[in-house]
There are 2 protein chains.
Amino acid sequence: MALRHAVLAALLDGESSGYQLARSFDLGMANFWHALPQQLYLELTKLEKDGLVEGRRVVQESRPPKRLFTLTEAGLAELARFAEASVKPSFIRDDLMVKVQAVDHVPVEPVLEQLDERGAMAAAKIDIFERFLRRLRGDLDEETFLATAERVGPYLTCLRGLRFEEETAAWCARTAGALRVRSGLTRGGPRP
Amino acid sequence: MALRHAVLAALLDGESSGYQLARSFDLGMANFWHALPQQLYLELTKLEKDGLVEGRRVVQESRPPKRLFTLTEAGLAELARFAEASVKPSFIRDDLMVKVQAVDHVPVEPVLEQLDERGAMAAAKIDIFERFLRRLRGDLDEETFLATAERVGPYLTCLRGLRFEEETAAWCARTAGALRVRSGLTRGGPRP
DNA sequence: GATCCCATGTAAACAGTTACATGATTAC
DNA sequence: GTAATCATGTAACTGTTTACATGGGATC
């Protein structure tokens, strides 16, 4: 199982609807997994059937009614069981890497554009993550926060997300720079 | 399609058997994708049927016969078409991140062990990648190599793989350190 | 009037993993 | 004799993505 435990982990920070989860699983907030709304609605239904989460219907005015889910005892136990099981290594699997791998045998311009685009997306995420981290740690410096706060899981995963995006941005810039030098252009390239 | 183009890109560096591809897709060499042997045999068969690769049977003594595949013109064209199509963003999807996200509500020791384990795996990969990069660039410094070499795709993707593993190792150490401080232990923790 | 956001879902297609199956050779 | 490496595949299962479907309210 895969998404299953990510959803359980996300619900540790309070009840949530499928829609809310989808938003945070899509853009940054929950930077430890990614999933589309459809998958979440499905998974939440299954989790409810298995007794790992509990849903309650909330009627709103001027909004469609929504279902808010909470972790159950059984859900928390399942999460604990999962945390103790051994991990499989994780891998990068990225179309853009495949394109760069092939870049010597394929038109360069579109790859350059995509590197720029990806770099910009990474920059946007860096911004979001930094703000999230600052919000979590408040006035404390990181060391103190990590040593004393009650909940540090989300901070630590966000830290990883931040470093990953920083690395992505740097690699995109470096790669695009090197490729531009090779193709004679110098727009956005490294220092002269 | 996903694995498909990764296989085509891998075949740019010469003909290869399913078995050889599986090895390099599993351990580092081709750090831009990951796949199991079964999937590769299947994919290569499909690619051959579609005329994107060509296979030839090679009988060996004291080894089972193997099938070596080469890119065709059509395969190269397909790769070019793929490189021009727009990219979707990529995401981290990692069980270990889910466990760290949940770490405040779940037993810490197993998570610490897994962080150490993952850190060690990352260190091993760093070693492999560094040696690969050094082999590719030979006597040249990186800047000169990237500016002048005929083929730089594999170097650039490996560079990304290297940074990713470095980041993984650092995060594992940092996270395990912080969690050990919190749980009173200090084995492997940060400076006192 | 069009588009975006909220809110939920079903169904089909596609991709990836796990289990099973075979069989020879080499190294310990 | 036991395990590892070479070498290929099939079948069943699980997980993810894409397409389709619905409908009201808010914003421009």
Side-chain angles (χ1 to χ4, degrees), chain A residues 1-8 15-27 30 32-50 53 55-69 82 85-95 98, chain B residues 1-8 15-27 30 32-50 53 55-69 82 85-95 98:
Chain A
M1 301 270 149
L3 175 61
R4 163 153 286 219
H5 300 106
V7 171
L8 295 176
E15 64 176 4
S16 181
S17 69
Y19 188 81
Q20 281 171 264
L21 281 178
R23 304 206 80 224
S24 71
F25 270 56
D26 188 47
L27 288 162
F32 61 97
W33 206 268
H34 171 253
L36 300 165
Q38 297 92 318
Q39 213 185 335
L40 285 164
Y41 290 123
L42 205 72
E43 196 63 47
L44 284 167
T45 307
K46 282 191 216 159
L47 284 168
E48 193 179 28
K49 210 187 60 193
D50 296 346
V53 305
R56 65 186 183 94
R57 195 180 188 74
V58 176
V59 185
Q60 311 169 97
E61 30 175 337
S62 81
R63 284 260 169 276
K66 60 182 169 183
R67 295 208 296 145
L68 292 176
F69 294 92
F82 165 72
S86 74
V87 261
K88 308 149 226 176
S90 80
F91 297 98
I92 308 186
R93 215 177 240 163
D94 186 345
D95 280 354
V98 176
Chain B
M1 301 271 148
L3 175 61
R4 163 154 287 220
H5 300 105
V7 170
L8 295 176
E15 65 176 3
S16 180
S17 68
Y19 188 82
Q20 282 171 263
L21 280 178
R23 303 207 79 223
S24 70
F25 270 56
D26 189 46
L27 289 162
F32 62 98
W33 205 267
H34 171 253
L36 299 165
Q38 296 93 317
Q39 213 185 335
L40 285 163
Y41 289 122
L42 205 72
E43 196 64 48
L44 284 166
T45 307
K46 282 190 215 159
L47 284 169
E48 193 179 28
K49 210 186 61 192
D50 296 346
V53 305
R56 63 185 184 95
R57 193 179 189 74
V58 176
V59 185
Q60 310 170 98
E61 29 177 337
S62 81
R63 284 262 169 275
K66 60 182 170 183
R67 296 207 296 144
L68 292 176
F69 295 91
F82 165 73
S86 75
V87 262
K88 309 148 226 177
S90 80
F91 297 97
I92 308 186
R93 214 177 241 164
D94 187 345
D95 280 354
V98 176

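Since we're looking at a predicted model, the values are computed, not measured. Order of the sequence lines sets the chain letters (A, B, ...), proteins ahead of strands, with each chain counted from 1.
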Quiz item: Among C/dT8, D/dT17, D/dT8, which is the nearest nucleotide to the side chain of B/Arg93?
Solution: D/dT17

Quiz item: Quick check: does any side chain N or O of B/Glu43 sit under 3.5 Å from a backbone N or O of B/Val7, one acting as donor and the other as acceptor?
Solution: no

Exercise. Starting from P on C/dT17, measure out to CG on B/Leu36 and report it in whole angstrom.
Key: 5 Å

Exercise. Provide, to the nearest angstrom, the distance between the NE2 atom belonging to A/His34 and the P atom belonging to D/dT16.
Key: 11 Å

Practice problem: Report yes if a side-chain nitrogen or oxygen of B/Arg67 is closer than 4.0 Å to either non-bridging phosphate oxygen (OP1 or OP2) of D/dG9; otherwise report no. | Solution: yes

Quiz item: Any idea which heavy atoms bring A/Ser17 and A/Leu68 closest together, and the distance?
Solution: N-CD2, 3.5 Å

Quiz item: At their closest point, which heavy atom of A/Phe91 faces which heavy atom of B/Asp26, and how far apart are they?
Solution: CE2-O, 4.2 Å

Exercise. Please check the phosphate of D/dG24 (OP1 and OP2 only) for any side-chain N or O of A/Ser62 closer than 4.0 Å.
Key: no

Self-check item: Nearest non-hydrogen partners of A/Leu44 and A/Gly18, listed with the distance
Solution: CD1-CA, 3.5 Å

Quiz prompt | Of B/Thr45 and B/Lys88, the one whose closest DNA chain D nucleotide lies more 5' | solution = B/Thr45

Quiz item: Between A/Leu42 and A/Gln60, which has a closest nucleotide on DNA chain C that is more 5'?
Solution: A/Gln60

All N/O contacts under 3.5 Å from nucleotides 2-5 of chain D to the protein, with atom names and distances to one decimal?
none

Quiz item: A/Glu43 CD to D/dG15 P: how many Å, rounded?
Solution: 8 Å

Quiz item: Nearest-Å distance, CZ (A/Phe25) to P (D/dT17)?
Solution: 13 Å

Quiz item: Please walk me through it: do A/Phe69 and A/Leu21 pass side-chain contact (heavy atoms from CB on, under 4.5 Å)?
Solution: CA-CA 10 Å; A/Phe69 294 92; A/Leu21 281 178; over 6 Å; no

Quiz item: Where is the tightest heavy-atom contact between A/Ala22 and A/Pro37, given as atom of each residue plus distance?
Solution: CB-CA, 3.8 Å

Exercise. Can you see which heavy atom on B/Asp94 is nearest to which on A/Trp33, and at what distance?
Key: N-CZ3, 3.6 Å

Quiz item: For the atom pair CG (B/Leu42) and CG (B/Leu36), what is the distance rounded to the nearest 0.5 Å?
Solution: 12.0 Å

Quiz item: Over how many whole Å does the gap from B/Arg4 atom CZ to D/dT17 atom P extend?
Solution: 19 Å

Quiz item: To the nearest Å, how far apart are A/Trp33 CH2 and D/dT17 P?
Solution: 10 Å

Taking only N/O atoms, report every protein-nucleotides 19-23 of chain C pair under 3.5 Å with atom names and distance.
{"residue": "C/dA19", "atom": "N6", "partner": "B/Gln38", "partner atom": "NE2", "Å": "3.0"}

Quiz item: Whole-Å distance between C/dC6 P and A/Leu21 CG?
Solution: 14 Å

Quiz item: So, B/Arg93 side chain and A/His34 main chain: donor-acceptor pair closer than 3.5 Å or not?
Solution: yes

Practice problem: Respond yes when some side-chain nitrogen or oxygen of B/Gln39 is under 4.0 Å from OP1 or OP2 of C/dT17, and no when none is. | Solution: yes

Quiz item: Given atom CG of B/Leu3 and atom C1' of C/dG16, what is their separation to the nearest angstrom?
Solution: 9 Å

